[in-house]
Enquirer: 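Below you will find the structure I want to go over with you.
Atoms considered below: every heavy atom in the structure, side chains included; atoms not considered: hydrogens, waters and symmetry mates. Chain naming here is simple, since letters A, B, ... match the order of the sequence lines and numbering starts at 1 in each. Note that the structure is a prediction, hence the values are computed from the model and not measured.
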2 protein chains.
Amino acid sequence: MIEMYLLEQLLAFSQCGTLSAASEKLHVSQPALSHSMQKLEELMGVPLFERTKNRIALNENGKLTADCAAKILEQEREMIERVRLLDQSRRTITLGACAPVPVADLVPILSRVYSGMTIASEIRNSDEELLAGLEKNQYQILVLHEKPEGEELYFEAYREEHLMLQLPENHPLSAKEQLYLQEIDGQNLLLYTKIGFWYELCRQKLPNAHFLMMNEFDAFGEVAGAGAFPSFVTEAAAGGELPEGRKAIPILDEEANVTYYCVCAKKDKKRFEPLYQELRRFEKHSDR
Amino acid sequence: MIEMYLLEQLLAFSQCGTLSAASEKLHVSQPALSHSMQKLEELMGVPLFERTKNRIALNENGKLTADCAAKILEQEREMIERVRLLDQSRRTITLGACAPVPVADLVPILSRVYSGMTIASEIRNSDEELLAGLEKNQYQILVLHEKPEGEELYFEAYREEHLMLQLPENHPLSAKEQLYLQEIDGQNLLLYTKIGFWYELCRQKLPNAHFLMMNEFDAFGEVAGAGAFPSFVTEAAAGGELPEGRKAIPILDEEANVTYYCVCAKKDKKRFEPLYQELRRFEKHSDR
DNA sequence: CCGTATTACGCTAGCCGTAATGATG
DNA sequence: CATCATTACGGCTAGCGTAATACGG
């Protein structure tokens with residue numbers, strides 16, 4: 001059996017050209033390497049080196065051996081990486097969500113119900129991306145804003161979210177009790193960027209609006225609460241509270257009033273039953 | 001660094017199911033294996049086993065590791081095999097010949113001129129096969145009975161061979177001084193099988209002859225020298241001597257009188273120059 | 001002479017085996 | 001109590017380092 005350390009040492013020698021250089025690279029002594037190469041040669045059963053009195057170099061056999069050794073070492077590295085990745089994925093539940101609110105909803109529940117597991121989450125703009133990720137086991141749980149189709153999928157609706165326009169009370173539109181998105185197309189609008197599918201909705205329904213993008217949430221919150229620009233808010237994100245001197249006007253477009261579906265692979269239904277139980281009690285919880 | 005012996009032990013365990021069974025298979029003690037698996041687990045950095053108090057089994061991580069281990073061990077085996085094969089080929093000159101006489105000619109010369117090298121030889125019926133073998137480095141030297149074509153090839157003609165029909169003196173045909181193959185088509189003919197291209201020639205020019213095939217040379221020699229059947233002989237094979245009461249009649253067909261060409265790859269011309277020098281003196285040598 | 005490879009020699013880490021312990025059906 | 005895994009302990013192999021030797025540009 002030819003052990004890995006021999007292959008590693010051979011490879012180092014083949015890269016360095018001399019035993020002394022390789023010995024420095026590997027932090028071992030020259031004689032140790034010399035011995036190892038002799039041992040390797042013996043184990044292989046064929047000469048691997050051209051030796052002169054104070055020079056040693058790989059012959060054809062040795063070059064082939066070094067090439068193979070590189071492949072084997074690479075494969076060993078790959079094995080470790082793959083197994084560690086598998087292990088990581090086995091102890092992680094990754095949530096893929098179409099919007100930030102479901103992340104805020106589910107991550108605490110997941111952390112509580114699956115204590116000991118790492119909970120990760122990502123927000124993606126398109127449901128297709130999310131479903132593809134579920135397929136590849138990149139995500140184990142999804143939250144979508146439309147009913148998914150697929151024989152392999154299990155899902156339950158668990159909450160709704162309703163978009164509103166938040167305005168200063170002195171804003172011209174603030175007299176309205178309700179409005180459609182097209183009525184504010186062309187306006188300047190403050191927008192937080194990490195909002196998943198909402199972003200696509202805005203680009204689509206407000207093609208002429210001027211968006212002021214902010215990707216820091218705290219900064220966004222300040223400007224939205226104090227500045228002169230209208231911004232979006234929902235009952236879920238606001239938590240029932242509006243900043244002083246602000247008004248929130250419901251938006252009537254169908255697409256702006258969504259139902260969230262919590263999705264998993266059917267084979268995982270049993271595993272995630274505790275999560276779904278929690279979600280069925282979600283309205284009561286969110287009353288708190 | 002995860003050493004090979006650990007992977008081998010893991011693989012054995014994965015095949016055997018229990019440490020004790022694996023320990024027998026590997027001729028090591030159970031505790032040794034137990035230790036090794038703990039060490040492997042530590043090196044991988046992730047759990048590989050489901051342990052109950054007196055049972056141990058691979059978990060998902062472990063199964064993946066075992067699969068990878070099998071591949072790595074296989075690759076190690078393959079490396080050794082490939083290098084040994086390369087070494088063998090580096091110290092072997094393999095002659096590919098179209099007939100037995102060139103083998104008898106060249107092998108002694110090669111052995112003398114390239115002492116220390118192993119000399120191997122094969123007889124193939126078709127020149128195409130031989131040329132393909134040269135291409136693949138399966139052969140380093142060829143002897144063909146026709147001039148080869150190819151930019152990469154070097155060759156020299158070195159001798160001729162002339163086919164004759166050997167007969168009992170009382171055979172009806174023995175009166176002839178010379179003949180064409182078609183004159184003996186339909187006869188019973190004794191044939192030694194390992195004669196390379198001659199065999200194809202016979203099948204082609206004597207489609208109606210009845211061949212008595214013999215693949216043991218000694219037995220063939222006896223029957224050919226003593227029996228009632230005609231057989232083929234050449235000046236090269238007979239060495240100038242005919243058995244008592246036999247006659248050899250020259251065959252006039254062009255294909256039955258061949259010139260042998262000694263072929264090598266152009267890149268090897270220098271290496272085989274000593275061989276060609278010997279072959280240029282071949283007529284003198286063969287006079288001995 | 002300095003750089004390089006090999007040989008000699010002694011140390012020690014680590015691998016293995018035996019024995020003992022614990023757990024399970 | 002038979003089987004299997006783990007722990008404990010001690011021995012021995014073999015890989016390593018230091019020192020010495022040899023060779024070459």
Enquirer: When the distance from CE of B/Met1 to C1' of D/dC16 is rounded to whole Å, what number comes out?
Expert: 17 Å
Enquirer: Atom CD of A/Glu24 to atom C1' of C/dT4: distance rounded to whole Å?
Expert: 12 Å
Enquirer: If you only use heavy atoms from C-beta on, which nucleotide in D/dG24, C/dT6, D/dA5 is closest to the side chain of A/Gln38?
Expert: C/dT6
Enquirer: Between atom CD1 in B/Ile56 and atom P in C/dG22, what is the gap in whole Å?
Expert: 19 Å
Enquirer: Return no unless some side-chain N or O of A/Arg51 is found under 4.0 Å from OP1 or OP2 of C/dT6.
Expert: yes
Enquirer: Are B/Arg280 and B/Glu273 ion-paired here, with the side-chain N under 4.0 Å from a carboxylate O?
Expert: yes
Enquirer: Please report the shortest heavy-atom distance between A/Gly45 and B/Arg84, naming the atom on each side.
Expert: N-NH2, 4.3 Å
Enquirer: Separation of A/Phe49 atom CZ from C/dT6 atom P, in whole Å?
Expert: 9 Å
Enquirer: Roughly how many Å is it from NZ in A/Lys53 to C1' in C/dG3, rounded to a whole number?
Expert: 17 Å
Enquirer: Assuming nearest nucleotide by heavy-atom distance, tell me which of A/Pro31 and A/Tyr5 is located more 5' along DNA chain D.
Expert: A/Tyr5
Enquirer: Looking at every strand, decide which applies to A/Ser20 at a 4.0 Å heavy-atom threshold: base, sugar-phosphate, or nothing.
Expert: sugar-phosphate
Enquirer: Can you tell me the distance, in whole Å, between the NZ atom of A/Lys39 and the P atom of C/dT6?
Expert: 17 Å
Enquirer: When the distance from CG of A/Leu19 to P of D/dG17 is rounded to whole Å, what number comes out?
Expert: 13 Å
Enquirer: If I take atom OG1 from residue B/Thr259 and atom NE2 from residue B/His145, how far apart are they, to the nearest 0.5 angstrom?
Expert: 10.5 Å
Enquirer: If I compare all heavy atoms of B/Thr92 with all of B/Ala120, which pair ends up nearest, and what's the gap?
Expert: CG2-CB, 4.2 Å
Enquirer: Could you check how far CE of B/Met37 sits from C1' of D/dA5, rounded to whole Å?
Expert: 13 Å
Enquirer: Mind checking A/Gln30 for me? I need base, sugar-phosphate or nothing, with any heavy atom below 4.0 Å counting as a touch.
Expert: base
Enquirer: Using the side-chain heavy atoms of B/Asn54, tell me which of these nucleotides is nearest: C/dT4, D/dC16, D/dT3.
Expert: D/dT3
Enquirer: What's the spacing between B/Gln9 CD and B/Met4 CE if we round to 0.5 Å?
Expert: 13.5 Å
